[in-house]
Number of protein chains: 2
Amino acid sequence: MDPNLVRTFMTVARLGSFSAAAAELGYTQSAVSQQIATLEADLGTPLLSRRPVAPTGAGERRLQHAGPLLLRIRAARADVRRVAAAPAHRLTLAAGPLALGPAVAARLARARVRLPRLTVTVRACAAGEAARLVAGGEAELGLVAGIAAPSDPLRLPDVGPLTATGAEEEPLVVALPDGHPLAGRAGLRLADLVDARWLRTPLCPLERLRDLAGDGFRAGLHYTGDDLRTVTSLVAAGHGLTLLPASAAPGVPLLAPRLVHRVELVHGALPPGPAADLAAALAPS
Amino acid sequence: MDPNLVRTFMTVARLGSFSAAAAELGYTQSAVSQQIATLEADLGTPLLSRRPVAPTGAGERRLQHAGPLLLRIRAARADVRRVAAAPAHRLTLAAGPLALGPAVAARLARARVRLPRLTVTVRACAAGEAARLVAGGEAELGLVAGIAAPSDPLRLPDVGPLTATGAEEEPLVVALPDGHPLAGRAGLRLADLVDARWLRTPLCPLERLRDLAGDGFRAGLHYTGDDLRTVTSLVAAGHGLTLLPASAAPGVPLLAPRLVHRVELVHGALPPGPAADLAAALAPS
DNA sequence: GGGATCCATCAGGAACGCTTATAGCACATG
DNA sequence: CATGTGCTATAAGCGTTCCTGATGGATCCC
């Protein structure tokens, strides 16, 4: 119910201790104990087992709700403040991995010429973070990238009424090791590669490929970062294949299914002003 | 911040009056005035213009967040209570329009034979309502239907950590008026029908078709209900075309793009028990 | 077994939020 | 133009809530 109680519960669960949570939140241990008791009474079921302190089944479930819930609350605050705030001449553009390619960069350059008083900060962020940063108000605009069918919108985490508009679509290529037998081809079909070994990276999630092209796509090395150079090096060394936008790395064009590297611009409420102008310039639609 | 304040704000905005909202919520007018003042102070901006009472720009934006936010809060409560509750022998299955077809019905029948002590209530609901009913705890299971590429998951409104599993996929047919020149064909391509007039109904949203097959799909009559007989009658009378699952009505099979009528079963946390058994029986995966 | 640590409980006090009462404002009416 | 009516804002009072500080009981470690 009360977001503060939820925050306390999250902290206790994370730290595994009422006392430590109290210290972190600036409460007394007694207050934390009472807050948890209130929450448990409200739901009619224990959320934490004591000694040691660990979430119960119901508590685990409650925790799964807690993060998105608090995010939405923050998003509502941030969105309203954005509407009410004076038009800003400084804004932050959160860009996920592979989201800021040549085409968007060029459009950004043109827009900055037209909007000389605007100071833009581009902030790199992890895959899936951009929408959260925009929702939470830490960035005014966000760029997210993903693999999709042409003009098919990306699936963004739902963190409130964000506007998402297509900003760029680019062909995909299959990145292959140097001496790979298929490296000379003029084009490849994904169906022919289901049995190959694939790199598992946030830049090219294998679950997405299975959604789009059926089962298969055995995972080789698992890389959790988002550095393009690392990925291309891993591919060259034969750890597995991956899909990349054509402008990012050399590779063999993907012919079928018809998939593209799609970039979308996401933003919340944008009152008329430089931020809205920039958004319009980045996502001409 | 406090959900109660948000609820008060929504009520005031809906009724256009502090006094009326106070009466409806069982507060005094003074309390409502103070609550709105608190909310505005917290956000640092007016949410309502007074005399007459109407939302400001920021208030409009806040209202857009309010509904989903309260829904998520309810969803969290309902989900946790579901985990903690004793295994129920009565449960409700919310079924959206066209979601409960022959295959699912047959599986439900088989499951009820195996689970004789289970009492099932099937509750029809509007398109898009099923997920909300499940999230809010009014139904344990939900069936939603939509048009999608084969094994492509549907896009459900994000109301919390719901599990969605494919329950059925069925070919689509194009429903045509009786004497339509294409009625005799063995199959049709959507691309050949972009310029036809289409019925606009929740059962076959034209935006979805445009997503999947490009622009076009001119809207003829707009029907807001979900009665299948009404839709087939409207089609027969020439008001427009529509897509339906093959089992629902006669029509010409849709050949391309490869789209299916997909049904998914959605549910929240299901502790072992009859509800989980039924879910497993309905969505064999 | 003794000490330390941790959570639950209790009592007291501060803070919050609602009610009652009243002031202030806009608009309609005579 | 004065007045009444209907609305919201503000002030004071008060009950409830929620936090603090102290204490008790349980568990773990030495």
Side-chain angles (χ1 to χ4, degrees), chain A residues 1-60 62-63 66 69-70 73 76-77 80 84, chain B residues 1-60 62-63 66 69-70 73 76-77 80 84:
Chain A
M1 192 86 154
D2 182 353
N4 276 322
L5 299 189
V6 175
R7 190 186 52 152
T8 299
F9 171 55
M10 287 178 75
T11 309
V12 171
R14 175 165 52 84
L15 299 176
S17 157
F18 283 48
S19 316
E24 180 170 314
L25 296 172
Y27 288 127
T28 58
Q29 172 267 320
S30 172
V32 170
S33 181
Q34 290 175 58
Q35 287 187 8
I36 299 296
T38 301
L39 208 56
E40 292 180 329
D42 180 47
L43 293 170
T45 182
L47 295 173
L48 293 165
S49 63
R50 321 298 156 95
R51 256 178 270 275
V53 173
T56 62
E60 288 283 3
R62 189 67 191 77
L63 278 175
L69 187 58
L70 293 184
I73 290 173
R77 280 184 64 91
V80 170
Chain B
M1 192 86 154
D2 183 351
N4 277 321
L5 299 189
V6 174
R7 190 186 51 151
T8 299
F9 172 56
M10 287 177 75
T11 308
V12 172
R14 174 165 51 84
L15 298 177
S17 157
F18 283 49
S19 316
E24 180 169 316
L25 297 172
Y27 287 126
T28 59
Q29 172 268 320
S30 174
V32 170
S33 181
Q34 290 175 56
Q35 288 187 9
I36 299 296
T38 302
L39 208 55
E40 291 181 329
D42 179 47
L43 293 170
T45 183
L47 294 174
L48 293 167
S49 64
R50 322 297 157 96
R51 262 181 261 276
V53 173
T56 63
E60 288 282 4
R62 188 67 190 80
L63 278 177
L69 187 59
L70 293 185
I73 290 173
R77 279 186 65 89
V80 170

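First the proteins, then the strands, lettered A, B, ... as listed; each starts at 1.
To the nearest 0.5 angstrom, B/N4 atom CG is 9.0 Å from B/L25 atom CG. Here the CG-CE distance, from A/L5 to A/M10, works out to 13.5 Å after rounding to the nearest 0.5 Å.
At the heavy-atom level, A/V32 lies nowhere under 4.0 Å from the strands shown.
For the residue pair B/Q34/B/T38, the side-chain donor-acceptor check at 3.5 Å is not satisfied.
Pairs engaging residues 31-40 of chain B under the salt bridge (charged side-chain N to carboxylate O under 4.0 Å, His left out) rule: B/E40-B/R50 [sequence neighbours left out]. Counting only residues at least two apart or in different chains, side chain to side chain donor-acceptor pair (under 3.5 Å) contacts with residues 15-29 of chain A comprise A/R14-A/E24.
Shown for residues 9-19 of chain A: no residue has heavy atoms falling under 4.0 angstrom of DNA chain D.
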- Note on the structure: Under a 4.0 Å heavy-atom criterion, the protein footprint on nucleotides 16-22 of chain C, written with B, S and -, is --BBBB-

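B/R50 has its CZ atom 16 Å from the P atom of C/dC27, to the nearest Å.
Contact footprint of chain A on DNA chain D: nucleotides with an atom under 4.0 Å from a non-hydrogen protein atom, first to last in 5' to 3' order, D/dC19 to D/dT27.
In this structure, the side chain of B/S49 engages the main chain of B/A54 through a donor-acceptor pair within 3.5 Å.
Looking at residues two or more places apart in sequence or on another chain, you find no side-chain hydrogen bond (donor to acceptor under 3.5 Å, both in side chains) involving A/S33. For A/A58, the side chain to side chain contact (heavy atoms under 4.5 Å, CB included) partners at least two apart in sequence or on another chain are A/T45, A/L47, A/T56, B/V80, B/V83. With sequence neighbours left out, the salt bridge (Lys or Arg N to Asp or Glu O under 4.0 Å) criterion links B/D42 to A/R77. Partners of A/L69 according to the side chain to side chain contact (heavy atoms under 4.5 Å, CB included) rule, which considers only residues two or more places apart in sequence or in another chain, are A/R62, B/L69, B/R72, B/I73.
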